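Contents: one structure, followed by commentary.
Just so it is clear, the structure is predicted and the values come from calculations on it, not from any experiment.
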Amino acid sequence: MPNALIFDLDGTLWDTVAPLTLIWNQVFQKNGTGKVISEDDLRNVMGKNLQEIGRIYFPDMAEERRADIFSQCAVAHCAYLKEHGAPLFFEKKFMEQLAEKYELFIVSNCPCGYIEAFLESCHLQKYFKDFEMSGRTGKSKGENIKAICERNGLSSARNLQEKFAQTCVYIGDTLGDETAANFAGIPFIHAAYGFGSAKNPAAVLHDFSELPGVLEKLF
């Protein structure tokens, strides 16, 4: 059995589609972009970082302006989520039970402050040992998963891939998450209740509550 679980955030632990759609549209309107997105539009880009989303939504916009608009989005949605939170895919008591058995981590393609907003609004700080995000490192999700493993003693410099496979798994909802886990050399569990698909996951979750049973069967 692994002794550590590394989670994606959006589509895996919580659902922020509704508040982000509202807040981003407000920012887009304030900046006179003429762009209005739907919740489905947002679901379709979940898992990507803000720079990638900006290029999808505003391909012809000057990069500096695009970066400024999405910086405003990040500030606004982090402030909102820190105060109001968003629907969770799990019961808080269930996360407490997981933390008694496993070390818990988060790696997400999100801006700085976003994971903190999740932990603070849901009062889950004590259950997660460490986290990393693209907004802080500027690196890919796969690189950030590796960084979490290395700085928390989940890796072996002598035989990195073998050690990863023995000690931790990554749980996420998109193909990008699967690619990142493969890059880091750890098994990927697909959260099929989320926003995306997977090609060849080690296991599939149709509900977050299935996780303990899936882990037992997988290992």
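The list of side chain to side chain donor-acceptor pair (under 3.5 Å) pairs with a residue in residues 61-76, not counting sequence neighbours, reads Asn31-Gln72, Asp68-Gln72. Applying the salt bridge (Lys or Arg N to Asp or Glu O under 4.0 Å) definition to pairs two or more places apart or across chains, those involving residues 69-90 are Lys82-Glu120. Identified under the ring pair (Phe, Tyr, Trp, His ring centres under 6.0 Å) test for residues 48-73, with sequence neighbours left out: Trp24-Phe70, Phe28-Phe58, Phe28-Phe70. Sorted by first and then second residue, the ring pair (Phe, Tyr, Trp, His ring centres under 6.0 Å) pairs with a member in residues 34-55 form an empty list; sequence neighbours excluded. The stretch residues 188-199 participates, sequence neighbours left out, in no side chain to side chain donor-acceptor pair (under 3.5 Å) pair at all. Residue pairs meeting the salt bridge (Lys or Arg N to Asp or Glu O under 4.0 Å) criterion with at least one partner in residues 19-34, sequence neighbours excluded, do not occur; the list is empty. Note on residues 105-115: pairs passing side chain to side chain donor-acceptor pair (under 3.5 Å), not counting sequence neighbours, are Asp10-Tyr114, Thr16-Tyr114.
A donor-acceptor distance shorter than 3.5 angstrom exists from the side chain of Glu116 to the backbone of Gly113, with no hydrogens or angles considered. The main-chain N or O of Tyr80 is never found under 3.5 Å from a side-chain atom of His84 such that the two would form a donor-acceptor pair. In terms of modelled atom types and a separation under 3.5 Å, the side chain of Glu210 and the main chain of His206 share a donor-acceptor contact. Under a 3.5 Å cut-off, the side chain of Asn152 and the backbone N or O of Cys149 do not form any donor-acceptor pair.
For Lys92, there are no salt bridge (Lys or Arg N to Asp or Glu O under 4.0 Å) partners two or more places apart in sequence or in a different chain. Under the rule for a salt bridge (Lys or Arg N to Asp or Glu O under 4.0 Å), Glu52 has no partner lying at least two apart in sequence or in another chain. The salt bridge (Lys or Arg N to Asp or Glu O under 4.0 Å) test applied to Asp8 returns Lys141, not counting sequence neighbours. Every residue meeting the salt bridge (Lys or Arg N to Asp or Glu O under 4.0 Å) condition with Glu39, not counting sequence neighbours, appears here in chain and number order: Arg43. With sequence neighbours left out, the side-chain hydrogen bond (donor to acceptor under 3.5 Å, both in side chains) criterion links Arg136 to Glu132.
For Phe105 and Phe7, the ring centers sit 6.0 Å or farther from each other. Here Phe89 and Trp14 keep their ring centres 6.0 angstrom or further from each other.
Note: Phe90 and Phe208 have tilted aromatic rings, judged against thresholds of 30 and 60 degrees for the angle between ring planes.
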- Query: Is there a side-chain contact (heavy atoms from CB on, under 4.5 Å) between Lys139 and Ser134 once you walk through the steps?
  - Reply: CA-CA 5 Å; Lys139 296 181 178 180; Ser134 61; over 6 Å; no
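Between the side chains of Thr179 and Asn182, no donor-acceptor pair is found at a separation under 3.5 Å.
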